[in-house]
Enquirer: 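One structure coming up, written as structure tokens, with questions to follow.
The basis for the numbers below is simple: all heavy atoms, side chains too, and nothing from hydrogens, waters or symmetry mates.
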Protein chains: 2
Amino acid sequence: MMDNTELSERKKKILRTVVEDYIETAEPVGSKTVAGEMEVSSATVRNEMAELEGLGLLEQPHTSAGRIPTAQGYRLYVNELMNRHRLSLEETEEINRSMKSRLTQLDKLLADAGQLASRLTDYPAYSLCAAPETATIVRYDLIYVDANTFIMVVMLSNSTVKNKLVTLPAKIEQETLQKLSTVFNASFTKITEDKITPSLISSTERALGDKLGLVAVAAGFAIETLMEAQRTQAYVSGASHLLLHPEYRDVGKAQRLMDYLSDGTELLKLPAPEGESVKITIGPENLREELQDSSVVVAKYDVGDNMQGLIGVVGPTRMDYSKVAAKLSYIAGSLGRIISGDNPRQLTDNNKET
Amino acid sequence: MMDNTELSERKKKILRTVVEDYIETAEPVGSKTVAGEMEVSSATVRNEMAELEGLGLLEQPHTSAGRIPTAQGYRLYVNELMNRHRLSLEETEEINRSMKSRLTQLDKLLADAGQLASRLTDYPAYSLCAAPETATIVRYDLIYVDANTFIMVVMLSNSTVKNKLVTLPAKIEQETLQKLSTVFNASFTKITEDKITPSLISSTERALGDKLGLVAVAAGFAIETLMEAQRTQAYVSGASHLLLHPEYRDVGKAQRLMDYLSDGTELLKLPAPEGESVKITIGPENLREELQDSSVVVAKYDVGDNMQGLIGVVGPTRMDYSKVAAKLSYIAGSLGRIISGDNPRQLTDNNKET
DNA sequence: ATTAGCACTCGACCTCTCTGAGTGCTAAAA
DNA sequence: TTTTAGCACTCAGAGAGGTCGAGTGCTAAT
């Protein structure tokens, strides 16, 4: 199909007009409409469009309808024809305002950023933050609360801190905690989750003379924390926005895509930008069946600590790539700055329950 | 409309048949179909149905279509006619299996339970857990990590524990932390968030000779934690399930409802069961515009600590109330047992970041 | 009180036609 | 050689009309 020789300027102009008009109206674009924006007649445009169709850049939904871009057409548009959309002052202000939340918890912040992205683009958005290497526990602290309650605090190598309130049926003394803490810091740090074996636990138990199952509880929490640190979660917002777009008028199609989006683990596998800051994947360029006729635009941001975050949206191939890319990239920048930059040591954590 | 005199047994039987058939098929039910399940002719059924229509319990989508139940019809069915659906062994087993997750974090557990509810019912589900009284901070602990890093741990009156990693540009000493901790435990406990005023902060700062803004950081975290403890969050799962049901074939309708669901804060306002364990709200009984032609079934569970949790689903008025109520109620029971019962002191918490 | 019978209603579905936007081709103009 | 005007052609979509059948309400007989 697509061949390497450059398109004539005129063909480019036509392709571009078709793409942009189609993005706006969702209706096939006819030669007359295109001619209206050029200095040639519709007949000439027709000839050119026929050739663009031959190159696999345009197609007709049916004979005697206007043309719409193919995935290849969009690709060429995105790579060469699209001009960078510049955000207006109001837009950047809105983003700044929305992002300057006092929320300092990472997950909330991510979820919020996704929501913002979704609202600004009218497409479903997702966001996630992944650590490339596996974390280990750096230190344990046990805080004595009362005779049968203590708080366990663990700090991970990626500077995450988690805690747990432990209530025991029996009484414990401060010294016991003290001892336990020392042992844990000696034997249960700097190891990965799979190294905490039942045999290690029981030998520690014996060495410590622990009859309350303290070691088991603590080790369990350690494992859980490590596992959770490894699992990256994706947040999805505004899935319902899909239904705003005519290409998802077909309920079955919308349903399938929404199901896919809500899976969470699936989203982690989506392509991430490599060199560039924004990656655009158009229709059939997606590997997943569910995304065959949808596009994904995703921006990355750095978080420090070798962590990398992504924020993206999913929508029909007829997507305003220029605007979406600009917005995502701005949000991503803002997010990166908030997390690792300006107020760097504010992120916190939380939680739970007797 | 509906009047207080009891319906004849036969009318009840007819109403019930119509409701159950309609729940199953989503098609208006004709007199012949109903007659098939009774010992009278279709003509008799027709007469009876006409009367039921007069009572406002049934209606016709158009002349010469079968009847469908009105909201009042469903209400009467739910109150008097419906027999308790009993879960099969497989069903209870599946629920038990799914709920016996090792996840001990409250929010994850809630989200999971919602997902389960959604999967089992094919309707969107939501879950939340609300504390009726406002929490206060019970104690502070500051853990020294290194010269410019410490972990702050606060415990709330509702037994929640939260922590935060604080990194300072300047060096601190253990004794400073010690002092800070004492001061905080003396002046910043047992108060609500609005009592932590700037003037209190600055006076404490002066008293302590704090030049690093330590007090401000700590107080900020305290406020944030208290605010977060107050805010209850609702988790929604399976919103896309809406599209499975023919009543939401109309994309606009589905879109509006899904938007409503994704708001989160709105869901907190939904009716909760009072005496009973399951509350059913049918169509126009809902106050919200968005729910006028949808029904909400919600079950409550107790968590101890005066906390109350809810788990519910939203769907079309044509909903299998019996089955849904049974499932929700079972899940709620299971949830309540996990959270406050069997392994009571396992819930933990988490997190974050340099 | 129930039921068989019957005329009637009306949505669902099919077919047919008409319309107009848009095409490709051809032949003339530049 | 490229562009353009002109024209015949195509086809989705909207609308009109027709048929079908499920379901009704009413009446008269049981």
Enquirer: Stepwise, does the side-chain hydrogen bond (donor to acceptor under 3.5 Å, both in side chains) test hold for B:Ser240 with A:Asp259?
Expert: CA-CA 6 Å; B:Ser240 65; A:Asp259 249 22; 2.7 Å; yes
Enquirer: Can you list, by residue number, the residues of residues 16-40 of chain A that have a non-hydrogen atom closer than 4.0 angstrom to DNA chain C?
Expert: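 Hits under 4.0 Å, by residue number: A:Gly30, A:Ser31.
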Enquirer: What is the distance, to the nearest angstrom, from the CZ atom on A:Arg249 to the P atom on D:dG13?
Expert: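 In whole Å, D:dG13 P and A:Arg249 CZ are 12 Å from each other.
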Enquirer: Between C:dT2 and B:Arg10, is there an OP1 or OP2 to side-chain N/O distance shorter than 4.0 Å?
Expert: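 It does, given that an N or O in the side chain of B:Arg10 lies less than 4.0 Å from OP1 or OP2 of C:dT2.
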Enquirer: Roughly, in whole Å, what's the span from NE2 in B:His62 to P in C:dT9?
Expert: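 It works out to 14 Å between those atoms.
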Enquirer: For A:Lys323, what residues pass the salt bridge (charged side-chain N to carboxylate O under 4.0 Å, His left out) criterion, not counting sequence neighbours?
Expert: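 Listed in chain order: nothing, the list is empty.
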Enquirer: Does A:Ser64 have a side-chain nitrogen or oxygen under 4.0 Å from the phosphate oxygens OP1 or OP2 of D:dC11?
Expert: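 So the side chain of A:Ser64 is outside the cut-off, no N or O lying under 4.0 Å from OP1 or OP2 of D:dC11.
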Enquirer: So, the side chain of A:Ser294 versus the backbone of A:Pro316: is there a donor-acceptor pair under 3.5 Å, distance only?
Expert: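 Side chain of A:Ser294 to backbone of A:Pro316: no pair is present.
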Enquirer: Starting from C1' on C:dT9, measure out to CZ on B:Arg67 and report it in whole angstrom.
Expert: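 From B:Arg67 CZ to C:dT9 C1': 13 Å.
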Enquirer: Angle between ring planes, A:Tyr123 versus A:His245, binned at 30° and 60°: parallel, tilted or perpendicular?
Expert: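 Aromatic pair A:Tyr123/A:His245 classed parallel.
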Enquirer: CD of A:Gln60 versus C1' of D:dT10: gap in Å, rounded?
Expert: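 It works out to 10 Å between those atoms.
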Enquirer: Quick one: does any side-chain atom of B:Glu276 pair with a main-chain N or O of B:Glu274 as donor and acceptor, under 3.5 Å?
Expert: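 Yes, B:Glu276 side chain to B:Glu274 backbone: donor-acceptor pair under 3.5 Å.
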Enquirer: Which pair of non-hydrogen atoms, one from B:Tyr248 and one from B:Asp293, has the smallest distance, and what is that distance?
Expert: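 Shortest heavy-atom separation between B:Tyr248 and B:Asp293 comes out as OH-O, 4.1 Å.
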Enquirer: Specify the residues of residues 42-52 of chain A, ordered by number, for which at least one heavy atom lies under 4.0 angstrom from an atom of DNA chain C.
Expert: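 By residue number: A:Arg46, A:Met49.
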Enquirer: Just N and O in the side chain of B:Thr63: are any of them under 4.0 Å from OP1 or OP2 of C:dT9?
Expert: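 It does not, given that no N or O in the side chain of B:Thr63 lies less than 4.0 Å from OP1 or OP2 of C:dT9.
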Enquirer: Tell me whether B:Thr17 contacts the main-chain N or O of B:Lys13 through its side chain, where contact means a donor paired with an acceptor under 3.5 Å.
Expert: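 Looks like yes, one N/O pair under 3.5 Å.
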Enquirer: Let me know the distance between CD1 of B:Ile14 and C1' of D:dG23, rounded to the nearest Å.
Expert: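 The distance from CD1 of B:Ile14 to C1' of D:dG23 comes to 15 Å, rounded to the nearest Å.
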Enquirer: Is the distance from the ring center of A:Tyr126 to that of A:Tyr235 below 6.0 Å?
Expert: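 Distance test on ring centres: not under 6.0 Å, no.
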Enquirer: Between B:Gln292 and B:Arg288 (side chain of the first, backbone of the second, donor and acceptor by atom type, cut-off under 3.5 Å), is there such a pair?
Expert: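 Yes.
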